Number of protein chains: 2
Amino acid sequence: MREIRRIDDRQGVGRARLSALAVLYFGGECSLSQLAETEMVSRATMHHVVNGLEREGYVTRTPDLKDARRQIIRLSAEGTRAIKAAHAERIDYLRHIAEDVDPGELAAAVRILDHLRNRSRARPEQK
Amino acid sequence: MREIRRIDDRQGVGRARLSALAVLYFGGECSLSQLAETEMVSRATMHHVVNGLEREGYVTRTPDLKDARRQIIRLSAEGTRAIKAAHAERIDYLRHIAEDVDPGELAAAVRILDHLRNRSRARPEQK
DNA sequence: GTTCATTGTTAGCAAAGCTAACAGAATCTT
DNA sequence: AAGATTCTGTTAGCTTTGCTAACAATGAAC
């Protein structure tokens, strides 16, 4: 939904960057490759995204002591603040447009959406 | 959802371009500015998107006889085929991940989503 | 007729995406 | 142990998708 994008844009972070921050926030630290996989983009793309996030101070990168090829990407305090703020804005907006919907019906719809999302992640692109 | 993006990517059209094709398919011909407004991007952005679509043969541009500043953007036969194919793939995919959901519950959830979308369009970004 | 608003376009920039290729580290095979 | 293969992050080159600013032409308002 384009409207959600406009809400997100208010954070001034960038779409792909915000999405990566969300992965870190909800899923915890991970490697660059794992981020790329979760976000379904190439490693090269995620490399650029993380570079931008690091430059802006939203994430830190440290070597993975268990595998010298890898690096661990973590949210910084600033990154945590940014994703929390973005999340709050989204929730606020969604609450507003849903304010005339019956709470029970809304909860049921959310449950189904969650289910569909889990299904899509279990089998991402197959038909 | 990233998975939907991957499904859409299969058409080889490009995200913003496919979205613009959808606006034309479901809403009919319109001007470049109207497209930009509906898609919530700048006119300059939509200018680029439409350029790409025209170059690939998906849309045609003709002067608006009622206003010499404007041009009418229309789907070509190829554009219609592309958006139909993309739409069918999306539906197919969504059907697949929803196949274990009760049809009545799914219909209810879809109704609520439609309602929320209408609400978001009536008041795009206000809180 | 003049001023202001609308429309599409250009220019310059950054972000976000891809593939290909590479180097170094880790794992597998012999 | 040595060589082959895989994994990881990086660079390079390209395209697409976004933005703002500025402009010229057209249309509307005064």
Side-chain angles (χ1 to χ4, degrees), chain A residues 1-23 29-56 58-74 82 86, chain B residues 1-23 29-56 58-74 82 125:
Chain A
M1 220 167 24
R2 296 281 184 159
E3 291 81 11
I4 294 284
R5 283 170 59 166
R6 291 293 155 213
I7 298 289
D8 286 343
D9 286 346
R10 286 182 183 168
Q11 306 301 322
V13 175
R15 211 156 292 139
R17 292 177 193 182
L18 205 50
S19 192
L21 288 182
V23 171
E29 68 189 40
C30 57
S31 70
L32 189 141
S33 289
Q34 286 168 335
L35 254 190
E37 189 180 331
T38 302
E39 292 281 88
M40 299 176 91
V41 298
S42 69
R43 286 176 290 135
T45 297
M46 190 49 72
H47 177 69
H48 287 300
V49 171
V50 170
N51 276 355
L53 287 172
E54 188 185 30
R55 197 176 56 236
E56 301 287 335
Y58 292 123
V59 300
T60 59
R61 279 168 139 145
T62 48
D64 183 342
L65 301 181
K66 286 175 294 187
D67 183 340
R69 293 170 301 182
R70 288 185 169 222
Q71 43 185 265
I72 310 265
I73 319 287
R74 291 185 181 91
Chain B
M1 219 171 21
R2 296 283 184 158
E3 290 81 10
I4 294 285
R5 283 171 60 167
R6 290 294 154 212
I7 299 289
D8 286 341
D9 286 347
R10 286 183 184 167
Q11 306 301 322
V13 175
R15 210 154 295 138
R17 293 179 194 180
L18 205 50
S19 192
L21 287 181
V23 171
E29 67 188 40
C30 57
S31 70
L32 189 141
S33 289
Q34 285 168 336
L35 253 191
E37 189 180 331
T38 302
E39 292 282 86
M40 300 175 92
V41 296
S42 68
R43 286 175 290 135
T45 298
M46 190 48 73
H47 177 70
H48 287 301
V49 171
V50 171
N51 276 356
L53 286 173
E54 188 185 31
R55 196 176 56 236
E56 301 287 337
Y58 292 123
V59 300
T60 60
R61 281 167 140 144
T62 47
D64 182 343
L65 301 180
K66 288 176 291 187
D67 182 338
R69 294 169 302 182
R70 285 185 170 223
Q71 43 184 265
I72 311 264
I73 319 287
R74 290 185 181 91
E125 293 170 61

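Worth saying up front: this structure is predicted, and the values here are computed from it rather than measured. So that the names make sense, note that chain A is the first sequence line, chain B the second, and so on, each numbered from 1.
Put simply, chain B comes within 4.0 Å of DNA chain C, heavy atom to any atom, from C:dA5 to C:dC18, going 5' to 3'.
The distance from atom CG of B:Leu32 to atom P of D:dG18 is 14 Å, rounded to the nearest whole Å. If you measure from atom CZ of B:Arg5 to atom P of D:dT17, you get 11 Å, rounded to the nearest angstrom. If you measure from atom NE2 of B:His47 to atom C1' of D:dT20, you get 15 Å, rounded to the nearest angstrom. For B:Glu39 and D:dT16, the CD to P distance is 17 Å, given to the nearest whole Å. A:Leu35 has its CG atom 13 Å from the P atom of D:dT8, to the nearest Å. The distance between atom CD of A:Glu37 and atom P of D:dG9, rounded to the nearest whole Å, is 12 Å.
Residues A:Asp9 and A:Arg15 meet the side-chain proximity criterion, which asks for heavy atoms closer than 4.5 Å. Contact of the A:Gln34 side chain with the A:Ile73 side chain is not registered, since no non-hydrogen atoms from C-beta on lie closer than 4.5 Å.
Take the nearest nucleotide of DNA chain D for A:Arg61 and for A:Asp9: the residue whose nucleotide is more 5' is A:Arg61. Between A:Arg70 and B:Ala68, the residue anchored nearer the 5' end of DNA chain D, judged by the nucleotide with its closest heavy atom, is A:Arg70. Ranked by how close their nearest DNA chain C nucleotide is to the 5' end, A:Ala44 and A:Arg15 are led by A:Arg15.
No salt bridge links B:Asp8 with B:Arg5; every basic N to acidic carboxylate O contact stays at or beyond 4.0 Å. Note on B:Asp67 versus B:Arg69: salt bridge recorded, some NZ/NE/NH1/NH2 to OD/OE distance being below 4.0 Å.
Proximity of B:Thr45 to the phosphate of D:dT17: no side-chain N or O atom is located under 4.0 Å from OP1 or OP2.
A:Arg2 places a side-chain N or O within donor-acceptor distance of the main-chain N or O of B:Glu39, the cut-off being under 3.5 Å. The backbone N or O of B:Thr60 sits nowhere less than 3.5 Å from a side-chain atom of B:Arg74 that would complete a donor-acceptor pair.
Across all strands shown, A:Ser42 has heavy atoms under 4.0 Å from base atoms, whether or not it also approaches the sugar-phosphate.
Residue B:Arg69 places a side-chain atom within donor-acceptor reach of the base of D:dT26, judged by atom type and a 3.5 Å distance cut-off alone.
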